[in-house]
A.B. asks: 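Quick one: the structure is below, questions incoming.
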Amino acid sequence: MIKISTPGRICLFGEHQDYLGLPVISMAISKRCRISGNSLKSNEIIIKKPNINQIERFKLNNLNYTKKRDYFKSGLKIAIDEGLIFESGFECEIKSQIPIQAGISSSSAIMVSWIHFLSKVAKNQKNWSKEKIGELAYKAEVEEFHEPGGIMDQISTSVGGLIYLDTYPFPKIEQIITDLGPFVIGDSLESKKTITILKRCKNLRVSVIDKIKKINPSFDLKNVLITDLEKYNLSIFEKNLLIGTIKNRDFLQQAKNELKNSLCNKNLIGDLMNKHHSILRDTLNISTPKIEKLIKVSLKSGAFGAKINGSGGGGCMIAYAPENPEMVVDAINKNGGKGYIVNCDIGTTQEV
């Protein structure tokens, strides 16, 4: 029996930045999904999903997509393209503690688990690095279906821990070793339209960047200053989009410097999370009244900082609550959400 376990993730800093080639700081969390299974004598693939009362079946020799985001087939295709050999099918079961469609990478954690599982169930087993598993999961989940997301989710859930991830021109991962203590996830229980919001937030800013690059081909979000924007004929709306992006870039760098300090100021980390969220709310317009309510009561209950997590438009918020997480959970639950206390956790792993 092969058993694979992979965490969900939260994004502390850099939300809606990685697909623009900017870094993020993310953390794997102690809510995990698990895949367990064995080879079969037939060429059938059977995937049991008891959490949602579904069973998916297809043949190893027919990987044509039959639905939108046919992820299990795409993962298998990517694995085969990478050299894995499958002489027979297999049966597996997926169970997850990660809330679905809530912004904490439930789908990416499953894809990472799937790629990891395939590397072990194949005839020619591979000991792929966690970074490679994350990159292959990104290919299968995002590139294969031409979706607008970045690579943060797949790398974060695969590698685990607290990481600084610079995504451009290729993923560069820096582990941050510090004990931040617990966070609280507040699920708003509102569904969200991930792809729609990602496209809007990405395309709006990419169009402004493309406009500037026609004037200045060397324009680079990594080092541009807010004052530099005056050189270009931007509308107030266009300028505000880039100002918000630059500010969040700089909040992240301040946070990285503090997190690497042996005497990390946890109140400052919380304050920077609040500032990050204000731009996600006011400039990118990805929050909701329900999320704002959960953030407000979390801060009132003692959280050091809070922000929306994930693509937005619903889903989850996160509160940094190193001292009183139970009080924050209680406040979230009393205001129509579902609270979870989480800590930093390891990446994808094969369990005994």
A.B. asks: Whether the side chain of Ser113 engages the backbone of Ile4 through a donor-acceptor N/O pair (distance < 3.5 Å, no angle test) should be reported.
C.D. replies: no

A.B. asks: Would you call the rings of Trp114 and Phe90 parallel, tilted or perpendicular, taking 30° and 60° as the class edges?
C.D. replies: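 Aromatic pair Trp114/Phe90 classed tilted.
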
A.B. asks: Tell me whether Lys247 at atom NZ has more than 12 heavy atoms from other residues, nucleotides or ligands lying less than 6.0 Å away.
C.D. replies: no

A.B. asks: Determine, stepwise, if the pair Glu144 / Lys77 fulfils salt bridge (Lys or Arg N to Asp or Glu O under 4.0 Å).
C.D. replies: CA-CA 10 Å; Glu144 185 71 10; Lys77 284 177 68 174; 3.8 Å; yes

A.B. asks: Please determine whether residues Met111 and Phe72 belong to a single hydrophobic cluster, defined as Ile, Leu, Val, Met, Phe, Trp and Tyr linked transitively by side-chain heavy-atom distances below 4.5 Å.
C.D. replies: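 Linked, Met111 and Phe72 end up in one cluster.
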
A.B. asks: With a 4.0 Å cut-off, would you call Lys199 and Glu147 a salt bridge?
C.D. replies: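 Here Lys199 does not pair with Glu147 in a salt bridge, since their nearest N and O are not under 4.0 Å apart.
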
A.B. asks: Mark yes when over 12 heavy atoms from residues, nucleotides or ligands other than Lys222 sit less than 6.0 Å from its NZ; otherwise mark no.
C.D. replies: yes

A.B. asks: Within the 4.5 Å heavy-atom criterion, are Leu252 and Ile25 side-chain neighbours or not?
C.D. replies: yes

A.B. asks: Tell me whether Met27 is reachable from Ile308 by hopping between hydrophobic residues (I, L, V, M, F, W, Y) whose side-chain heavy atoms are closer than 4.5 Å.
C.D. replies: no

A.B. asks: Hey, what do you get for CG (Leu204) to CG (Leu284), rounding to the nearest 0.5 Å?
C.D. replies: 8.5 Å

A.B. asks: Between Thr6 and Arg32, does a side chain to side chain donor-acceptor pair (under 3.5 Å) hold up when you go through it step by step?
C.D. replies: CA-CA 5 Å; Thr6 303; Arg32 306 181 70 88; 5.6 Å; no

A.B. asks: Which of these, Asp179, Asp345, Ile177, Leu180, sits in a side-chain contact (heavy atoms from CB on, under 4.5 Å) with Leu162?
C.D. replies: Leu180

A.B. asks: Hey, could you give me the CG/CD1 distance between Asp187 and Ile332, rounded to the nearest 0.5 Å?
C.D. replies: 9.5 Å

A.B. asks: Can you tell if the side chain of Glu131 reaches within under 4.5 Å of the side chain of Ile173, non-hydrogen atoms only?
C.D. replies: yes

A.B. asks: Return yes when atom CG of Asn127 has more than 12 non-hydrogen atoms of other residues, nucleotides or ligands closer than 6.0 Å, and no otherwise.
C.D. replies: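 Not more than 12 within 6.0 Å, no.
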
A.B. asks: Do Asp18 and Pro23 have side-chain heavy atoms sitting under 4.5 Å apart?
C.D. replies: no

A.B. asks: Atom CG of Leu229 and atom CG of Leu242: how far apart are they, to the nearest 0.5 Å?
C.D. replies: 5.5 Å

A.B. asks: Hey, does the side chain of Asn248 reach the backbone of Gly14 with a donor-acceptor pair shorter than 3.5 angstrom?
C.D. replies: no

A.B. asks: First locate atom CG of Leu280, then atom CD1 of Ile286, and finally report the distance between them rounded to the nearest 0.5 Å.
C.D. replies: 4.5 Å

A.B. asks: Which heavy atom of Pro7 sits nearest to which heavy atom of Ile98, and what is that distance?
C.D. replies: C-CD1, 4.0 Å

A.B. asks: Around atom CD1 of Ile236, are there more than 12 heavy atoms from other residues, nucleotides or ligands closer than 6.0 Å?
C.D. replies: no

A.B. asks: Around atom CG of Asn233, are there more than 12 heavy atoms from other residues, nucleotides or ligands closer than 6.0 Å?
C.D. replies: no

A.B. asks: Between His16 and Cys201, is there a donor-acceptor pair closer than 3.5 Å when you use the side chain of the first and the backbone of the second?
C.D. replies: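 No; zero donor-acceptor contacts below 3.5 Å.
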
A.B. asks: Between Ile212 and Ile209, is there a side-chain heavy-atom distance shorter than 4.5 Å?
C.D. replies: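 A side-chain contact is absent here, since even the closest heavy-atom pair is not under 4.5 Å.
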
A.B. asks: Hey, would you say the Tyr65 and Phe145 ring centroids sit under 6.0 Å apart?
C.D. replies: yes

A.B. asks: Once rounded to the nearest 0.5 Å, what's the spacing between atom NE2 of His277 and atom CE of Met317?
C.D. replies: 8.5 Å

A.B. asks: For the backbone of Leu294 and the side chain of Asn335, can you confirm whether one donor and one acceptor N or O come within less than 3.5 Å of each other?
C.D. replies: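 Judged by distance alone, no pair lies under 3.5 Å.
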
A.B. asks: How would you list, by chain and number, every residue that makes a salt bridge (Lys or Arg N to Asp or Glu O under 4.0 Å) with Lys3, sequence neighbours excluded?
C.D. replies: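 For Lys3, no residue satisfies salt bridge (Lys or Arg N to Asp or Glu O under 4.0 Å) once neighbours in sequence are set aside.
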
A.B. asks: So, Glu190 and Lys192, do they make that salt bridge, N to O below 4.0 Å?
C.D. replies: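 No, Glu190 and Lys192 are not salt-bridged.
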
A.B. asks: Return the CD to OG distance between Glu15 and Ser26, rounded to the nearest 0.5 Å.
C.D. replies: 9.5 Å

A.B. asks: Checking Thr348 side chain against Val112 main chain: does a donor-acceptor pair fall under 3.5 Å?
C.D. replies: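 No.
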
A.B. asks: Check for me, please, whether Val208 and Leu198 land in the same ILVMFWY cluster - side-chain distances under 4.5 Å, paths through other members count.
C.D. replies: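 Yes, because Val208 and Leu198 connect within a single hydrophobic cluster, where side-chain heavy atoms sit under 4.5 Å apart.
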
A.B. asks: If you take the centroid of each ring, where Trp contributes its six-membered ring, are Phe117 and Trp128 closer together than 6.0 Å?
C.D. replies: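 That pair fails the under 6.0 Å test.
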
A.B. asks: Considering non-hydrogen atoms only, spot the tightest contact between Leu22 and Thr167 and give its length.
C.D. replies: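 Reported closest heavy-atom pair: O-OG1, 3.5 Å.
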
A.B. asks: What are the two closest non-hydrogen atoms of Ser30 and Val342, and how far apart are they?
C.D. replies: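 Minimum heavy-atom separation between Ser30 and Val342: OG-CA, 3.5 Å.
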
A.B. asks: Which heavy-atom pair separates Ala140 from Ser74 by the least distance, and what is that distance?
C.D. replies: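 What the structure gives for the nearest pair is O-OG, 2.9 Å.
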
A.B. asks: So does Glu135 get a backbone contact from the side chain of Gln154, meaning a donor-acceptor N/O pair under 3.5 Å?
C.D. replies: no

A.B. asks: Do you know the tightest heavy-atom contact between Ile269 and Ala255?
C.D. replies: CD1-O, 4.0 Å

A.B. asks: Centre of Tyr232's six-membered ring, under 6.0 Å away, within 45 degrees of the axis: is that where NZ or CZ of Lys214 sits?
C.D. replies: no

A.B. asks: For residues Ser105 and Arg9, is any side-chain donor paired with an opposing acceptor at under 3.5 Å?
C.D. replies: yes

A.B. asks: Heavy atoms, side chains only, cut-off 4.5 Å: are Phe183 and Pro322 in contact?
C.D. replies: no

A.B. asks: Regarding Glu141 and Arg69, does a basic nitrogen lie under 4.0 Å from an acidic carboxylate oxygen?
C.D. replies: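 Looking at Glu141 and Arg69, the cut-off is not met.
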
A.B. asks: Any side-chain heavy-atom pair from Ser156 and Ile163 closer than 4.5 angstrom?
C.D. replies: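 Yes. Closest side-chain heavy atoms under 4.5 Å.
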
A.B. asks: For Phe13, is the NZ or CZ atom of Lys256 found under 6.0 angstrom from the centre of its six-membered ring and inside 45 degrees of the ring axis?
C.D. replies: no

A.B. asks: Using side-chain heavy atoms (C-beta onward) and a distance below 4.5 Å, is Leu60 in contact with Leu76?
C.D. replies: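 Yes. Closest side-chain heavy atoms under 4.5 Å.
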
A.B. asks: In the single-linkage hydrophobic clustering (I, L, V, M, F, W, Y; side-chain heavy atoms under 4.5 Å), do Ile246 and Leu20 co-cluster?
C.D. replies: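 Shared cluster, yes.
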
A.B. asks: Would you say that more than 12 heavy atoms from the other residues, nucleotides or ligands in this model lie under 6.0 Å from the NZ of Lys172, or not?
C.D. replies: yes

A.B. asks: Indicate whether any N or O donor in one side chain lies under 3.5 Å from an N or O acceptor in the other, for Ser36 and Glu93.
C.D. replies: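 No, no side-chain donor-acceptor pair sits under 3.5 Å.
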
A.B. asks: For residues Cys11 and Met152, report the shortest heavy-atom separation together with the two atoms involved.
C.D. replies: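 That closest heavy-atom pairing would be SG-SD, 3.7 Å.
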
A.B. asks: Is a salt bridge present between Lys266 and Glu323, judged by a nitrogen-to-oxygen distance below 4.0 Å?
C.D. replies: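 Glu323 and Lys266: not salt-bridged.
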
A.B. asks: Is it possible for you to say whether Ile78 and Ile151 belong to one hydrophobic cluster, with membership spreading through side-chain heavy-atom contacts below 4.5 Å?
C.D. replies: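 No, no single cluster joins them.
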
A.B. asks: Do side-chain atoms of Lys120 reach the backbone of Lys126 as a donor and acceptor pair under 3.5 angstrom?
C.D. replies: yes

A.B. asks: Are more than 12 heavy atoms from other residues, nucleotides or ligands located less than 6.0 Å from atom NZ of Lys213?
C.D. replies: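 12 or below, so no.
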
A.B. asks: Measure from the side-chain N and O atoms of Arg281 to the backbone N and O of His276, and report whether any donor-acceptor pair falls under 3.5 Å.
C.D. replies: no

A.B. asks: Can a salt bridge be assigned to the pair Asp271 and Lys275 using a cut-off of 4.0 Å between side-chain N and carboxylate O?
C.D. replies: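 Salt bridge: yes.
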
A.B. asks: Are side-chain heavy atoms of Ile29 and Asn343 found at a separation under 4.5 Å?
C.D. replies: no

A.B. asks: Can you list, pair by pair, the side-chain donor-acceptor contacts under 3.5 Å of residues 44-54, counting residues two or more places apart and other chains?
C.D. replies:
{"unit_1": "Lys48", "atom_1": "NZ", "unit_2": "Glu91", "atom_2": "OE2", "d": "3.0"}
{"unit_1": "Lys49", "atom_1": "NZ", "unit_2": "Glu56", "atom_2": "OE1", "d": "2.7"}
{"unit_1": "Asn51", "atom_1": "OD1", "unit_2": "Ser96", "atom_2": "N", "d": "2.8"}

A.B. asks: Short question: side chain of Ser106, backbone of Ile100 - any donor-acceptor pair under 3.5 Å?
C.D. replies: no

A.B. asks: Answer yes or no: is there a donor N or O on one side and an acceptor on the other, between the side chain of Asn333 and the main chain of Gly339, under 3.5 Å?
C.D. replies: yes

